[in-house]
Amino acid sequence: MKNMIRAAVTVCLAEQARRGPFVFHQELPAACAAAAELGFDAIELFAPSAQHIRQLPLQHLLTQHGLKLAAVGTGAGMLIHQLSLCDADADRRQQAENFISELVEVGAEFQAPAIIGSMQGRWTEQVDRATAMSMLSGALHRIGSRAAKAGTVLLYEPLNRYETNLCNTLQQGRELLTACDTDSVRLLADLFHMNIEETSIAQALLDSGSSIGHLHFVDSNRHAAGLGHIDFAPVAKALRQIGWQGFASAEAFPLPDSHSAAKHTIQTYRQLFGNQLA
Ligand code: LER
Ligand code: MN
């Protein structure tokens with residue numbers, strides 16, 4: 001069977017993240033129309049909360065534009081409420097877990113996984129590395145089990161060293177997943193973070209293979225793929241070799257503007273993946 005790569009693009013609905021690395025920052029109807037018109041198969045949502053998503057006419061817009069929901073981000077829990085899964089305070093950790101779990105549930109209604117990126121937090125003077133890692137693996141186990149019950153998976157994203165001191169590479173992510181003792185958590189491979197942390201982006205993708213559940217597709221400078229200096233030919237080859245069938249989701253700054261970033265991304269996908277695109 002031919003490998004199918006599905007093109008997704010990020011849409012940010014959180015006012016507090018309007019300077020963040022998301023392609024579309026406009027209202028959902030306009031973002032869906034633009035994504036579909038450019039040929040994307042799906043959107044990935046960064047929203048202020050699960051409650052916010054429930055109040056949107058999301059199903060209607062997805063159906064109207066023939067789009068899927070690729071994933072939902074949970075980073076608003078950190079950005080708006082400063083919550084994290086390894087906070088020193090047990091109540092705050094529980095609030096973080098609840099915030100994510102609600103997004104897991106709403107995502108699952110659209111067959112979309114939730115992403116744990118910045119909500120993983122960091123180890124600190126109050127919470128040492130070993131304790132933070134065990135808090136994180138416990139939380140991934142519990143939230144992953146919830147995701148499995150809801151019929152989806154949970155995505156865990158290693159981040160570059162300036163954003164977390166827990167897992168920076170896919171291999172560290174794989175070790176964490178082993179410690180979680182669940183197969184309902186998959187890795188999110190973000191090419192921006194990988195460009196900073198991995199020895200070889202392509203080799204890291206090959207080594208992680210079936211542990212990968214989602215891709216953030218972007219260039220070295222967090223501009224649209226093709227506007228920085230990542231060499232994408234070995235990346236595309238590695239994805240072919242691992243038989244990648246999931247989403248390549250553009251998580252890039254809207255530079256020079258949303259429409260150009262989205263258009264440049266889809267053109268790069270067509271060059272790289274050709275008839276492998278869904
Ligand atoms: C943050 O840098 C990032 O890549 C997001 O996908 C994680 O929330
Ligand atoms: Mn990312």
Side-chain angles (χ1 to χ4, degrees), residues 7-14 16-25 42-50 52-53 69-86 96-97 99-104 107 112-122 136 139-140 143 153-170 172-173 176 185-198 201 204-205 208 211-225 228 230 235 246-255 261 265:
V9 63
T10 47
V11 177
C12 174
L13 301 174
Q16 295 87 339
R18 73 175 187 281
R19 300 173 73 87
F22 306 105
V23 173
F24 289 113
H25 290 258
I43 55 162
E44 176 181 317
L45 270 188
F46 186 96
S49 65
H52 184 103
I53 295 178
L69 185 63
V72 292
T74 65
M78 167 62 84
L79 190 70
I80 302 176
H81 308 288
Q82 291 77 50
L83 294 170
S84 99
L85 294 172
C86 49
E97 197 164 320
F99 186 90
I100 296 165
S101 298
E102 285 167 20
L103 281 159
V104 166
I115 300 167
I116 295 185
S118 58
M119 287 294 277
Q120 68 194 278
R122 302 165 181 259
L136 181 57
L140 291 183
I143 305 170
V153 292
L154 179 66
L155 298 170
Y156 170 72
E157 179 173 13
L159 304 175
N160 75 69
R161 66 192 68 185
Y162 308 106
E163 297 185 37
T164 187
N165 52 15
L166 296 173
C167 294
N168 304 127
T169 62
L170 293 194
Q172 290 173 321
L176 175 65
V185 187
R186 300 278 148 72
L187 293 178
L188 193 167
D190 180 323
L191 302 183
F192 169 73
H193 300 300
M194 293 177 75
N195 177 62
I196 295 170
E197 299 294 346
E198 304 287 355
I201 297 177
L205 294 170
S208 286
S211 302
I212 300 173
H214 196 69
L215 294 175
H216 277 164
F217 216 90
V218 56
D219 220 316
S220 52
N221 47 6
R222 239 176 187 179
H223 290 220
I230 289 182
V235 173
F247 289 103
S249 186
E251 188 187 63
F253 286 114
L255 293 171
T265 296

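All ligand and atom numbering here is 1-based and tracks the order in the structure. Note that the structure is a prediction, hence the values are computed from the model and not measured. Positions are given from 1 along the sequence.
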Check each heavy atom of Glu44 against ligand 1 and say whether those closer than 4.0 Å belong to the side chain, the backbone, both or neither.
neither
Whether [X] lies under 4.0 Å from ligand 1, heavy atom:
{"X": "Gly75", "result": "no"}
{"X": "Gln120", "result": "no"}
{"X": "Met119", "result": "no"}

Backbone of [Y] reached by a side-chain donor or acceptor of [X] within 3.5 Å:
{"X": "Glu251", "Y": "Val218", "answer": "no"}
{"X": "Thr10", "Y": "Ala250", "answer": "yes"}
{"X": "Ser249", "Y": "Leu215", "answer": "no"}
{"X": "Gln120", "Y": "Glu157", "answer": "yes"}
{"X": "Thr169", "Y": "Glu198", "answer": "no"}
{"X": "Glu197", "Y": "His193", "answer": "no"}

Are the side chains of Leu191 and Phe217 in touch, meaning some heavy atoms are under 4.5 Å apart?
yes
What protein heavy atom sits nearest [atom], and how far away is it?
{"atom": "atom 2 (O) of ligand 1", "value": "Glu163 OE1, 2.5 Å"}
{"atom": "atom 8 (O) of ligand 1", "value": "Ser118 N, 3.6 Å"}
{"atom": "atom 7 (C) of ligand 1", "value": "Glu157 OE1, 3.0 Å"}

Suppose I only count heavy atoms of [X] and a 4.0 Å limit; which atoms of ligand 1 are within that range?
{"X": "Gly117", "result": "7 (C), 8 (O)"}
{"X": "His193", "result": "1 (C), 2 (O), 3 (C), 4 (O)"}
{"X": "Asp190", "result": "4 (O)"}

Could you go through the side chain to side chain contact (heavy atoms under 4.5 Å, CB included) check for Glu163 and Asn160 one step at a time?
CA-CA 6 Å; Glu163 297 185 37; Asn160 75 69; 3.3 Å; yes
Tell me which N, O or S atom of [X] sits nearest to the Mn ion (ligand 2).
{"X": "Glu157", "answer": "OE2"}
{"X": "Asp190", "answer": "OD2"}
{"X": "Glu251", "answer": "OE1"}

Under 2.8 Å from the Mn ion (ligand 2), is there an N/O/S atom belonging to His216?
yes
Between Met78, His216, Arg222, flag the one that comes closest to atom 3 (C) of ligand 1 by a heavy atom.
Arg222
Nearest-0.5 Å distance that lies between atom NE2 in His223 and atom CG in Leu255
4.5 Å
Value for SG (Cys12) from CG (Leu45), rounded to nearest 0.5 Å, stands at 9.5 Å
